[in-house]
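Notes for the one structure printed next.
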There are 2 protein chains.
Amino acid sequence: MLALLEGEARYGFELVQRLGQNPALLTSEGTIYPLLSRLHRERLVETEWRESPAGPPRKYYRLTPRGREALAVFRQQWVGFRDAVDGVLGTPQNGGDTWSATVKPTTESGD
Amino acid sequence: MLALLEGEARYGFELVQRLGQNPALLTSEGTIYPLLSRLHRERLVETEWRESPAGPPRKYYRLTPRGREALAVFRQQWVGFRDAVDGVLGTPQNGGDTWSATVKPTTESGD
DNA sequence: GCCACTACCTTGTGTCACAAGGTAGCTTGT
DNA sequence: ACAAGCTACCTTGTGACACAAGGTAGTGGC
């Protein structure tokens with residue numbers, strides 16, 4: 001979640017849809033909204049209401065400095081955990097980069 | 001867990017200790033024993049009591065054919081998930097193989 | 001006999017993902 | 001105008017799980 005918000009602010013419904021594009025990360029609103037609430041309570045994200053061009057207003061989430069720190073910590077932990085699991089499983093570490101362009105926070109806005 | 005049992009049968013306490021050697025996988029008996037119970041209930045592992053050379057008897061766990069299938073399925077899911085997370089995080093996929101010799105099920109017995 | 005170590009297991013607590021359901025704004029069709 | 005449908009938010013209830021803590025018992029050393 002924090003990584004998706006790293007490049008630019010996004011709103012909840014958008015996050016559900018973006019994650020849903022990859023089957024391995026598919027999740028639901030019942031997961032995302034409580035998660036965003038927790039992140040907000042822990043001051044890792046800030047929120048801001050913005051009008052939608054068409055439809056109800058959207059609640060945008062943006063990383064705080066604390067959120068950036070937490071993300072950096074998590075990145076390190078993830079690499080440690082990932083390599084440990086790969087070690088136990090004996091799974092090769094290839095670079096599957098076919099999907100990153102779709103969902104990675106690329107600061108683009110060509111939607 | 002299944003991967004650790006792939007090469008040879010192991011007992012619960014041993015698994016806790018082996019996992020504890022890697023900080024990223026450190027866990028406790030309160031986690032491992034219920035997990036092994038679940039795997040047994042789902043017929044992914046079989047058990048067998050064996051005498052210990054010194055100390056109380058040990059309950060050894062061994063993969064069943066179903067367990068092997070489940071492990072194969074998990075390996076695939078793990079690679080998909082791992083690559084998805086790496087894609088979102090933008091973490092490079094290097095081969096950290098420094099630790100695998102310590103814990104990977106290598107069918108060795110030189111302890 | 002007592003302590004320490006090995007080795008098993010259970011109970012209680014808190015967290016979390018998810019399905020399901022609820023509210024409300026906006027647009028489109030009739 | 002009003003219904004239907006989409007967008008977008010959120011809550012409640014359920015079940016799974018990790019973990020800390022505590023409990024039982026066999027073995028060996030002092």
Side-chain angles (χ1 to χ4, degrees), chain A residues 1-5 8-62 70 74 77-78 80-81 84-85 88 111, chain B residues 1-2 4-5 8-62 70 73-74 77-78 80-81 84-85 88 111:
Chain A
M1 287 304 313
L2 297 177
L4 286 176
L5 298 174
E8 56 184 311
R10 298 190 193 278
Y11 59 99
F13 201 76
E14 180 189 6
L15 291 163
V16 175
Q17 291 180 327
R18 287 182 99 87
L19 289 173
Q21 286 168 18
N22 187 313
L25 299 182
L26 194 146
T27 187
S28 70
E29 298 176 60
T31 301
I32 293 304
Y33 287 118
L35 171 56
L36 288 169
S37 282
R38 264 175 276 144
L39 296 178
H40 187 244
R41 196 189 322 133
E42 294 163 22
R43 311 263 184 242
L44 303 183
V45 298
E46 295 171 327
T47 64
E48 176 196 0
W49 285 98
R50 287 191 218 164
E51 289 301 318
S52 165
R58 298 164 172 174
K59 198 174 186 176
Y60 278 79
Y61 292 84
R62 187 184 330 107
F74 180 80
Q77 291 177 341
W78 162 253
F81 176 74
V85 173
V88 172
D111 245 48
Chain B
M1 286 304 313
L2 297 177
L4 286 177
L5 298 174
E8 56 184 313
R10 297 190 195 278
Y11 58 99
F13 201 77
E14 181 189 5
L15 291 162
V16 175
Q17 291 180 326
R18 285 182 100 86
L19 289 172
Q21 287 169 18
N22 187 313
L25 299 183
L26 193 145
T27 186
S28 70
E29 297 177 62
T31 300
I32 293 305
Y33 287 118
L35 171 54
L36 288 169
S37 281
R38 264 175 274 142
L39 296 177
H40 187 245
R41 196 188 320 132
E42 295 162 21
R43 312 260 184 243
L44 304 182
V45 297
E46 295 171 327
T47 65
E48 176 196 359
W49 284 98
R50 287 193 218 163
E51 290 300 318
S52 166
R58 299 164 172 174
K59 198 175 188 177
Y60 278 79
Y61 293 84
R62 188 185 329 108
V73 168
F74 181 81
Q77 291 176 342
W78 162 253
F81 175 75
V85 173
V88 172
D111 245 54

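What's counted below: heavy atoms across the whole structure, side chains too, no hydrogens, waters or symmetry copies. Chain letters run A, B, ... following the sequence lines, proteins first, then strands; residues in each count from 1.
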Interatomic distance, B:E48 CD vs C:dA7 P [rounded to whole Å]:
16 Å
Residue-phosphate contact under 4.0 Å: A:S28 side-chain N/O, C:dC18 OP1/OP2
no
Over all atoms of both residues, closest heavy-atom pair of A:L36 and A:V45
O-CG2, 4.3 Å
So which protein N/O to nucleotides 6-16 of chain D N/O distances come out below 3.5 Å?
residue : atom : partner : partner atom : Å
D:dA8   : OP1  : A:R58   : NE           : 2.5
D:dA8   : OP1  : A:R58   : NH2          : 2.4
D:dA8   : OP2  : A:Y11   : OH           : 3.3
D:dC9   : OP1  : A:K59   : N            : 3.1
D:dC9   : OP2  : A:F13   : N            : 2.5
D:dC9   : OP2  : A:Y33   : OH           : 2.6
D:dC9   : O5'  : A:Y33   : OH           : 3.4
D:dC9   : N4   : A:E29   : OE1          : 2.7
D:dC10  : OP1  : A:K59   : NZ           : 2.7

Closest non-hydrogen atom pair between B:G55 and B:S52, with its separation:
O-CB, 3.7 Å
Work out which heavy atom in A:L35 is nearest to a heavy atom in A:M1; give both atom names and the distance.
CD2-CG, 3.1 Å
Salt bridge (charged side-chain N to carboxylate O under 4.0 Å, His left out) partner of A:E46, the single match among A:R62, A:R41, A:K59:
A:R62
Listed pairs, N/O of protein and of nucleotides 1-4 of chain C, under 3.5 Å:
none

Euclidean distance, atom CG of residue A:L35 to atom P of C:dA19 [Å, nearest integer]
15 Å
With rounding to the nearest 0.5 angstrom, report the CG to OG1 distance, A:L26 to A:T31.
9.5 Å
Under the ring-ring contact (aromatic ring centres under 6.0 Å, His included) definition, can you give me all pairs with a residue in residues 39-61 of chain A, not counting sequence neighbours?
A:Y11-A:Y60
Can you tell me how the ring of A:F74 sits relative to the ring of A:W78, calling it parallel under 30°, perpendicular over 60° and tilted otherwise?
parallel
Atom-pair distance (CG on A:L39; C1' on C:dC16), nearest Å
13 Å
In whole angstrom, give the distance that lies between atom CD1 of B:I32 and atom C1' of D:dA21.
17 Å
Answer yes when A:E14 and A:R18 have at least one side-chain N-carboxylate O distance shorter than 4.0 Å, and no when they do not.
yes
Rounded to whole angstroms, how far apart are CD on B:E51 and C1' on C:dT6?
14 Å
